[in-house]
Amino acid sequence: LTDFGIEDAYVGVMKGAILSINPSAVVVDVCHYIDPQDLIEAAYLIKSSYRYFPKGTVHITVVDPGVGGNRSIVAVELLGHIFLAPDNGVLTLLMDEGEVDAIVRVENTHYFLNSISQTFHGRDIFAPVGSHISKGVPIEKLGPHLGTQDLIHLSIPKPYISNKDELIGTIISIDRFGNCISNINENCLNKFVKNGSEKRLEIKIGNTVIKSLSRSYTDVGSGCPLAIIGSFGYLEIAMNCDNARHQLNVKKGDTITLE
């Protein structure tokens, strides 16, 4: 999971570094189109995606605006998975998923490449360390233990109830179809919508008002906006056969209001 895109060689070279150490590794691309340096979007994607991989998976996240600086690299063992990431808050939401078994600061250069670039730790540290873990190296060999309180935590906006009894959320991700994904998950929505009042639900974003929650994109006509619970369990604003981002002029950070 990176913000590298695929126009350049960065992703391919990271895979090469992984396979040079563990040729039998199965390397899966989750996403390389995180907006550059967008830690909040990356945090949501990590939380949303890891559960669809088998236990024992090593999840490497390189959204790393502090590369080459004073930020640390950490390895976290949680729910049978191992997460390798910069200590910049990108694992904030993951910490809520369950009890953490172990956290270490990655310092043991034995598991790095011999030459370290100050601008490409993805290739020189993350990829080789992740590959060594995939071959059975326990994370305890990578460096000293840390507690969850030692990690940097992002201040990530959460849905809240306004003084007008509205549910207020934020758009945190927009996919390539232009679907605008909010931070309001299905459980949060269900608590807000009680006793069949879903039929009276009104969703507002910008100048657009949507009068109900849809079950599928085809519940509305072609080119019409809709609100729907997406595949990762979050409320999203979409358009049937069109791009909500462009047509409704929505951007990340915009407010979504339910009443």
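Being a predicted model, the structure only gives us computed values, none of them experimental. When reading the values below, keep in mind they use all heavy atoms of this one structure, side chains included, and skip hydrogens, waters and symmetry mates.
Checked by atom type and distance alone, the side chain of N108 pairs as donor or acceptor with a backbone atom of K141 at under 3.5 Å. A side-chain donor-acceptor contact under 3.5 Å links Q118 to the backbone of G68. Between the side chain of N183 and the backbone N or O of P157, at least one donor-acceptor pair lies under 3.5 Å.
Electrostatic pairing of E166 and K164 does not count as a salt bridge here, judged by no charged N lying under 4.0 Å from a carboxylate O. By the 4.0 Å N-to-carboxylate-O rule, D38 lies close enough to K252 to be salt-bridged with it.
With contacts defined as side-chain heavy-atom distances shorter than 4.5 Å, the pair F112/D124 does not qualify. Side-chain contact between I171 and V250: present, with at least one pair of heavy atoms (C-beta onward) separated by less than 4.5 Å. T119 has its side chain out of reach of H121: every pair of non-hydrogen atoms, C-beta onward, lies at least 4.5 Å apart. Proximity of T170 to D254: side-chain heavy atoms (C-beta onward) are nowhere separated by under 4.5 Å. In this structure, the side chains of I203 and T257 stay at 4.5 Å or more apart for every pair of heavy atoms. Side-chain contact between Y217 and D242 is absent, with no heavy-atom pair separated by less than 4.5 Å. Annotation: side chain of L84 is not in contact with side chain of T61 (no heavy-atom distance under 4.5 Å). Taking the side chain as every heavy atom from C-beta outward, L258 and L189 approach each other to under 4.5 Å.
Within a 6.0 Å radius of CZ in R51, other residues, nucleotides and ligands contribute more than 12 heavy atoms. Around CD1 of I116, the count of heavy atoms belonging to other residues, nucleotides or ligands within 6.0 Å exceeds 12. Under a cut-off of 6.0 angstrom, the local environment of CG in D219 is crowded, with over 12 non-hydrogen atoms contributed by other residues, nucleotides or ligands. For N207, the CG atom is loosely surrounded, since the number of other residues' heavy atoms within 6.0 Å does not exceed 12. Residue N114 places its CG atom among 12 or fewer non-hydrogen atoms of other residues, nucleotides or ligands, all under 6.0 Å distant.
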Tell me, with the steps shown, if Y44 and I181 meet side-chain contact (heavy atoms from CB on, under 4.5 Å).
CA-CA 10 Å; Y44 272 96; I181 303 161; over 6 Å; no
Salt bridge (charged side-chain N to carboxylate O under 4.0 Å, His left out), that's the test. Do D150 and R105 meet it? Break it down for me.
CA-CA 10 Å; D150 298 316; R105 181 184 295 115; over 6 Å; no
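A tilted orientation is assigned to the rings of H59 and H81, their planes being inclined by 30° to 60°. Below 30°, between 30° and 60°, or above 60°: for Y52 and F232 the angle between ring planes is between 30° and 60°, a tilted geometry.
The two residues C31 and I34 make their nearest non-hydrogen contact at SG-N, 3.9 Å. Considering every non-hydrogen atom in both M95 and V76, the closest pair reads CE-CG1, 3.8 Å. Residue G98 comes nearest to L78 through the heavy atom pair O-CD1, 3.3 Å, listed as atom of the first residue, atom of the second, then distance.
Side chains of H32 and D29: a donor on one and an acceptor on the other come within 3.5 Å. Side-chain contact, E97 with Y50: a donor N or O sits under 3.5 Å from an acceptor N or O. No hydrogens or angles considered: nothing links the side chains of S131 and N22 as a donor-acceptor pair under 3.5 Å.
No continuous path of hydrophobic side-chain contacts links I82 to L146 [ILVMFWY only; heavy atoms under 4.5 Å]. Note on V58: it clusters hydrophobically with V106, by side-chain heavy-atom contacts below 4.5 Å among ILVMFWY residues. The hydrophobic clustering, which links ILVMFWY residues whose side-chain heavy atoms are closer than 4.5 Å, places I40 and L1 together. Both I60 and I133 belong to a single network of hydrophobic side chains, linked directly or stepwise wherever heavy atoms of I, L, V, M, F, W or Y lie under 4.5 Å apart. Note on L154 and L151: same hydrophobic cluster, where clusters join Ile, Leu, Val, Met, Phe, Trp and Tyr whose side-chain heavy atoms are under 4.5 Å apart, directly or indirectly.
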